[in-house]
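Input: a single structure, listed below in structure tokens.
Worth saying up front: this structure is predicted, and the values here are computed from it rather than measured. Hydrogens, waters and symmetry mates play no part in the numbers below; they use all other heavy atoms, side chains included. Order of listing sets the numbers, starting from 1, for every ligand and every atom in it.
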Amino acid sequence: MTAPPDWMQPRAPIRIGISSCLLGEAVRFDGQHKRDAFIAGTLAACFTFVPVCPEVAVGLGVPRPPLRLVDTGGGPPSALGVRDPTLDPSAALRTYGRRMAAELHDLGGYLFKRGSPSCGMERVKVYRPAGGAPAVRGVGLYAEAFMAAQPLLPVEEEGRLGDPALRGNWIERVYAYHRWRALLAARLTPGRLVEFHNRHKLALMAHGAEPARRLGRLVAAAGTRPIAEVGAEYGRAFMETLRRKATRRSHTHVLQHLQGTLERALDAADTAELGDVIAAYRAGQVPLVVPITLLKHHFRRHPHPTMAGQTYLEPHPAELMLRNAI
Ligand code: SF4
């Protein structure tokens with residue numbers, strides 16, 4: 001594989017939509033915020049945040065009466081005032097979600113506030129007018145409209161970012177989506193699609209061998225169908241595959257595959273050391289960053305025509321240290 005083309009390393013800053021309160025803006029119903037230290041610190045150094053508070057944007061003000069999702073029967077839940085159920089900004093929140101999704105068409109991802117009747121991405125409490133325990137199955141109305149309009153956008157909630165695997169998965173998807181959109185902007189051709197896929201092959205394998213093979217078959221037939229049609233199908237399946245959880249087992253398979261490509265280049269001592277490090281990762285004794293660092297060292301000394309350009313070895317900036325905890 002030759003040096004990566006420009007569309008594989010887009011330089012434009014990645015813009016991330018975010019619930020304003022997570023950045024420390026005092027926009028909550030009670031005039032408070034929900035600043036998240038990891039987001040406002042570590043992630044703010046890598047991304048350009050685009051803060052949005054839908055409840056303020058639709059004119060509810062600060063402070064304001066709190067809302068909750070209510071199943072009023074016969075349709076999707078509504079966002080109603082907790083104390084005054086005649087307060088119903090549901091339609092305004094949905095319309096604003098659709099409007100912002102159209103306006104913010106250049107986002108690379110979105111971070112939503114967990115549990116919010118407007119911003120929650122999933123598992124928001126839905127109450128019944130008659131009372132009783134809420135069902136934890138709702139989606140914030142603004143978030144729901146936004147996600148429906150941008151189904152490929154990598155979205156996550158701040159509460160789930162505390163889990164190293166979920167955090168790593170979201171950030172990996174953000175960078176992969178950024179490259180995908182850069183390819184579309186540069187103009188998709190069958191040849192470029194092949195190159196894009198080849199560079200992501202191992203990253204995809206880590207998320208599922210079968211979906212990765214299906215994508216490979218789609219790319220192999222790219223020249224026989226309209227490229228826009230193939231691209232739409234590929235983009236959807238590519239992002240869906242990356243959403244699947246990569247396991248220690250699937251990472252081990254990928255590491256062993258990389259090790260196999262170095263077979264002839266390494267001497268017996270280096271081969272044994274690499275095998276031991278991969279086994280230690282498989283046994284949970286060292287994090288993923290350890291075998292990856294050793295592999296990168298070997299690929300620097302023994303460049304390989306296809307493996308060295310794999311995004312799997314460098315899916316996001318190293319300073320995020322996402323592979324130190326998985
Ligand atoms: S969760 Fe959403 S609606 Fe609520 S304060 Fe934060 S940004 Fe505003």
Side-chain angles (χ1 to χ4, degrees), residues 14-44 47-71 76-127 134-150 153-163 166-167 170 174:
I14 303 182
R15 281 158 50 83
I16 302 288
I18 186 165
S19 299
S20 308
C21 55
L22 294 175
L23 288 179
E25 294 183 18
V27 290
R28 294 209 2 125
F29 70 93
D30 55 4
Q32 301 295 308
H33 61 77
K34 281 284 179 181
R35 185 179 186 278
D36 183 286
F38 174 69
I39 292 174
T42 308
L43 291 189
F47 302 132
T48 300
F49 283 128
V50 182
V52 179
C53 176
E55 292 183 15
V56 168
V58 300
L60 294 174
V62 182
R64 58 184 173 273
L67 301 173
R68 65 179 184 174
L69 289 186
V70 178
D71 183 353
S78 300
L80 305 181
V82 173
R83 283 187 286 275
D84 173 12
T86 64
L87 172 64
D88 182 0
S90 306
L93 288 167
R94 289 192 172 102
T95 302
Y96 186 65
R98 285 191 290 271
R99 193 183 113 200
M100 291 310 281
E103 231 169 75
L104 301 176
H105 52 83
D106 61 343
L107 291 186
Y110 212 118
L111 285 173
F112 289 111
K113 173 74 190 77
R114 176 173 57 121
S116 157
S118 302
C119 289
M121 182 186 92
E122 60 179 25
R123 297 178 56 77
V124 179
K125 288 179 184 164
V126 181
Y127 293 82
V136 188
R137 60 171 172 78
V139 181
L141 302 193
Y142 164 81
E144 189 174 36
F146 199 107
M147 292 188 294
Q150 292 201 30
L153 189 70
V155 296
E156 195 44 279
E157 294 187 330
E158 94 290 358
R160 288 163 44 100
L161 289 182
D163 178 320
L166 294 176
R167 180 166 69 217
W170 178 72
V174 166

Pick one: which of Val174, Val155, Ile39 meets side-chain contact (heavy atoms from CB on, under 4.5 Å) with Leu111?
Ile39

What pair of heavy atoms forms the shortest contact from Glu55 to Ser118, and how long is it?
OE2-OG, 2.6 Å

Applying a 4.0 Å heavy-atom criterion (strictly less than), which segment of Cys53 is in contact with ligand 1: side chain, backbone, both, or neither?
both

Salt bridge or not between Asp36 and Arg114? Use side-chain N to carboxylate O under 4.0 Å.
no

Ligand 1 contact on Val56 by region, counting heavy-atom pairs under 4.0 Å
neither

Under 3.5 Å, side chain of Gln150 to main-chain N/O of Ala101, donor-acceptor pair present?
yes

Can you classify the ring geometry of Phe146 versus Tyr142 as parallel (below 30°), tilted (30 to 60°) or perpendicular (above 60°)?
tilted

Short question: side chain of Arg160, backbone of Glu157 - any donor-acceptor pair under 3.5 Å?
no

Looking at Arg28 and Lys34, what are the two nearest heavy atoms and their distance?
CD-CG, 3.5 Å

Below 4.0 angstrom from a heavy atom of Ser20, which ligand 1 atoms are there? Numbered from 1 as shown, please.
7 (S)

Please write down residue, atom name and distance for the protein heavy atom closest to atom 2 (Fe) of ligand 1.
Cys119 SG, 2.4 Å

Hey, which of Ile18, Leu104, Ile16 is the one that makes side-chain contact (heavy atoms from CB on, under 4.5 Å) with Val50?
Leu104

Ligand-residue contact atoms, ligand 1 with Ser19, heavy atoms, under 4.0 Å:
7 (S)

Checking a contact table here: which protein heavy atom is nearest atom 6 (Fe) of ligand 1, and how many Å away?
Cys21 SG, 2.3 Å

Proximity to ligand 1 by part of Lys113, non-hydrogen separation under 4.0 Å:
side chain

Is the closest heavy atom of Val52 to ligand 1 under 4.0 Å?
yes

Quick note on ligand 1: atoms under 4.0 Å from a heavy atom of Glu55 include exactly 3 (S)

Within the 4.0 Å heavy-atom shell around Ser116, which atoms of ligand 1 are there?
1 (S)

When you look for heavy atoms under 4.0 Å from ligand 1, do you find them on the side chain of Arg64, its backbone, both, or neither?
side chain

